[in-house]
There are 2 protein chains.
Amino acid sequence: MPKTSGSQPETLSRLRAMTQKQEQILQGAMQVFLRDGYAGTSMDRVSAEAGVSKQTIYSHFQDKEGLFKALIERVTIASFQGIFCTEDLHGEPAILLREIAETYLTKVAENSEYLALFRLIITESQRFPELAKLYTQTVIQRGRLLLSQYLASHPELGISDPEATAQIFFGSLVSYVMVQEMLYGKEMMPLSRDRILDSLMSLVLAHTSKDH
Amino acid sequence: MPKTSGSQPETLSRLRAMTQKQEQILQGAMQVFLRDGYAGTSMDRVSAEAGVSKQTIYSHFQDKEGLFKALIERVTIASFQGIFCTEDLHGEPAILLREIAETYLTKVAENSEYLALFRLIITESQRFPELAKLYTQTVIQRGRLLLSQYLASHPELGISDPEATAQIFFGSLVSYVMVQEMLYGKEMMPLSRDRILDSLMSLVLAHTSKDH
DNA sequence: GTCTATAAGAGGATAGAC
DNA sequence: GTCTATCCTCTTATAGAC
């Protein structure tokens with residue numbers, strides 16, 4: 001065992017460093033957990049997917065619950081960074097707001113991992129309240145705060161309650177993706193990305209200039 | 001076996017009539033399935049909750065899957081009727097739109113069954129696509145159609161795309177409830193019902209009259 | 001550290017009494 | 001039709017070889 005195990009600096013406050021074997025296990029675990037949920041996942045499938053034996057998993061993680069928590073914490077933190085950290089949040093509202101919405105929809109459409117994580121957080125919000133709370137704190141709260149601060153700094157938009165409006169803004173995007181991608185809206189009642197974007201911009205920017 | 005089993009009229013197109021024992025089983029099954037999900041539910045717990053033996057369940061339903069499908073179909077159809085069928089959808093927009101939103105939020109807040117069903121539909125949307133599609137068709141599509149027709153019949157609202165706007169309208173309500181009630185937003189970042197209602201009305205009614 | 005083999009138990013489904 | 005008792009598979013977790 002390494003002598004420095006107790007004093008190494010952590011890359012992120014809540015994220016301990018992982019060895020390569022642990023990364024390999026988490027990679028396999030992600031495939032299975034995100035697809036089949038917690039109860040629907042067996043450790044046999046995780047070991048098969050990760051290409052290691054079951055005992056190896058148990059030597060690195062305490063049990064199924066410990067593995068699941070470590071995985072979700074990791075993916076949750078990566079999720080916020082993937083969506084928001086490339087954004088600057090300053091610029092012309094008519095351009096920036098559309099950019100934020102487009103970025104979100106594109107990221108989620110391209111990378112099904114975001115959507116799978118969101119579904120899993122909802123699914124297991126009763127069994128693992130601490131994971132749901134981490135998600136709320138890390139992704140939702142910070143996203144809402146970021147946008148509401150921007151909205152508050154642009155009084156020309158005529159928005160009286162930036163926090164509530166930010167919740168509505170992101171909420172309409174999330175629910176759109178949920179219906180289209182998870183609940184088979186795409187094939188049963190198609191509604192294009194651009195129509196949602198146009199209507200959302202029209203609602204939020206209503207007080208600024210006539211756009212016809 | 002009854003002679004008339006093949007020719008009895010059905011109360012609803014997709015809903016076969018249930019005997020009293022079957023109702024009792026479904027009532028117990030609802031408690032467990034809505035709380036623990038499909039994989040997390042054992043037939044032993046269902047039988048205990050329903051107050052019948054396990055074999056009685058298997059004599060009325062083919063297997064766990066058959067029971068689950070019968071239950072969700074029933075609850076899904078009841079859900080739409082519970083939320084929308086009391087609504088008329090005509091009247092002054094400033095009043096009616098707020099009424100719709102308030103009704104939805106109140107119903108969901110009062111009766112956690114609506115929320116539990118929604119979570120379960122999302123959770124099991126991969127395992128049971130036909131149930132998710134039934135929900136989309138029965139609840140989401142009809143809700144969106146109802147509202148979009150109303151919006152289209154009120155050109156003074158200045159809404160260029162009623163369908164997309166209806167999706168945004170309901171979507172923002174659904175996501176608000178999801179965050180507050182399922183993801184512990186209520187305790188971590190409280191945001192009152194009235195603030196969401198006020199901001200949503202302000203967005204949708206922006207083109208009609210100055211409200212300050 | 002990693003693997004194979006196995007113990008211990010839970011859960012879906014059925015057989016047979018009444 | 002309903003209940004009690006049972007079968008058998010699958011799953012978590014561990015023991016022991018290398």
Side-chain angles (χ1 to χ4, degrees), chain A residues 1-6 8 16-72 120 123-124 126-128, chain B residues 1-5 8 16-72 120 123-124 126-128 131:
Chain A
M1 58 185 72
K3 303 175 180 179
T4 60
S5 64
Q8 59 192 352
R16 56 180 169 156
M18 293 283 169
T19 69
Q20 205 222 328
K21 205 71 175 184
Q22 286 169 330
E23 292 288 355
Q24 183 182 345
I25 294 170
L26 287 177
Q27 193 60 34
M30 185 160 64
Q31 306 295 325
V32 188
F33 275 123
L34 287 187
R35 191 184 58 232
D36 300 336
Y38 181 79
T41 291
S42 77
M43 297 297 267
D44 281 317
R45 297 185 69 132
V46 172
S47 77
E49 192 76 34
V52 301
S53 80
K54 215 163 39 165
Q55 178 57 24
T56 301
I57 299 177
Y58 279 100
S59 74
H60 286 282
F61 299 91
Q62 193 178 9
D63 54 11
K64 187 181 177 183
E65 236 184 78
L67 173 62
F68 184 71
K69 287 181 186 174
L71 171 69
I72 298 301
L120 198 52
T123 297
E124 308 298 344
Q126 306 291 307
R127 198 195 304 256
F128 299 103
Chain B
M1 57 184 72
K3 303 175 182 182
T4 59
S5 63
Q8 59 193 353
R16 57 180 168 153
M18 294 283 170
T19 68
Q20 206 224 327
K21 205 70 175 183
Q22 285 169 332
E23 293 288 355
Q24 183 182 344
I25 294 171
L26 286 177
Q27 193 60 34
M30 185 160 66
Q31 306 294 326
V32 188
F33 275 122
L34 287 187
R35 188 184 61 232
D36 299 337
Y38 181 78
T41 291
S42 76
M43 295 297 268
D44 280 318
R45 298 185 68 133
V46 172
S47 77
E49 191 75 34
V52 300
S53 79
K54 212 161 45 163
Q55 178 57 23
T56 300
I57 299 178
Y58 280 99
S59 74
H60 284 283
F61 300 91
Q62 192 177 10
D63 52 12
K64 188 181 176 183
E65 237 184 76
L67 173 63
F68 185 69
K69 288 181 186 173
L71 171 69
I72 299 301
L120 198 52
T123 297
E124 307 299 344
Q126 307 289 307
R127 199 195 301 256
F128 300 103
L131 293 181

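Residue numbers begin at 1 in each chain, while the letters A, B, ... track the order of the sequences.
Side-chain N/O atoms of B:Thr56 include one lying less than 4.0 angstrom from OP1 or OP2 on D:dC3. Proximity of A:His60 to the phosphate of C:dT2: a side-chain N or O atom is located under 4.0 Å from OP1 or OP2.
The NZ atom of A:Lys69 sits 4.5 Å away from atom CD of A:Glu65, with the distance rounded to the nearest 0.5 Å. A:Lys64 NZ to A:Leu67 CG: the interatomic distance, rounded to the nearest 0.5 Å, is 9.5 Å. Atoms CD and CD, on A:Gln27 and A:Gln20 in that order, are 11.5 Å from each other to the nearest 0.5 Å. Going from atom CG of A:Leu120 over to atom CD1 of A:Ile72 covers 4.5 Å, rounded to the nearest 0.5 Å. Rounded to the nearest 0.5 Å, atoms CG (B:Leu71) and CD (B:Gln31) are 10.0 Å apart.
Taking atom CZ of B:Phe61 as the reference point, atom C1' of C:dT14 lies 18 Å away to the nearest angstrom. Summarising the geometry, the separation between CD1 on B:Ile57 and C1' on C:dT14 is reported as 14 Å, rounded to the nearest angstrom. Computed from coordinates, the B:Asp36 CG to C:dA10 P distance equals 16 Å when rounded to whole Å.
In the helix from C:dG1-D:dC18 to C:dC18-D:dG1, the terminal helix axes, each the rotation mapping four pairs' C1' atoms onto the next four within five end pairs, subtend 10°, rounded to 10°.
The aromatic rings of B:Phe68 and B:Phe128 sit tilted, their planes meeting at an angle between 30° and 60°.
For residues 41-58 of chain A, the side chain to side chain donor-acceptor pair (under 3.5 Å) pairs, not counting sequence neighbours, are A:Asp44-A:Lys54, A:Ser53-A:Thr56.
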Which protein N or O atoms sit under 3.5 Å from an N or O of nucleotides 12-14 of chain D?
unit_1: D:dT12; atom_1: OP1; unit_2: A:Thr41; atom_2: O; d: 2.8
unit_1: D:dT12; atom_1: OP1; unit_2: A:Lys64; atom_2: NZ; d: 3.0
unit_1: D:dT12; atom_1: OP2; unit_2: A:Met43; atom_2: N; d: 2.8
unit_1: D:dA13; atom_1: OP2; unit_2: A:Tyr58; atom_2: OH; d: 2.8
unit_1: D:dA13; atom_1: OP2; unit_2: A:Lys64; atom_2: N; d: 3.2
unit_1: D:dA13; atom_1: N6; unit_2: A:Lys54; atom_2: NZ; d: 2.7

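Panel note: side chain B:Gln22, backbone B:Thr19; a donor-acceptor pair is recorded below 3.5 Å.
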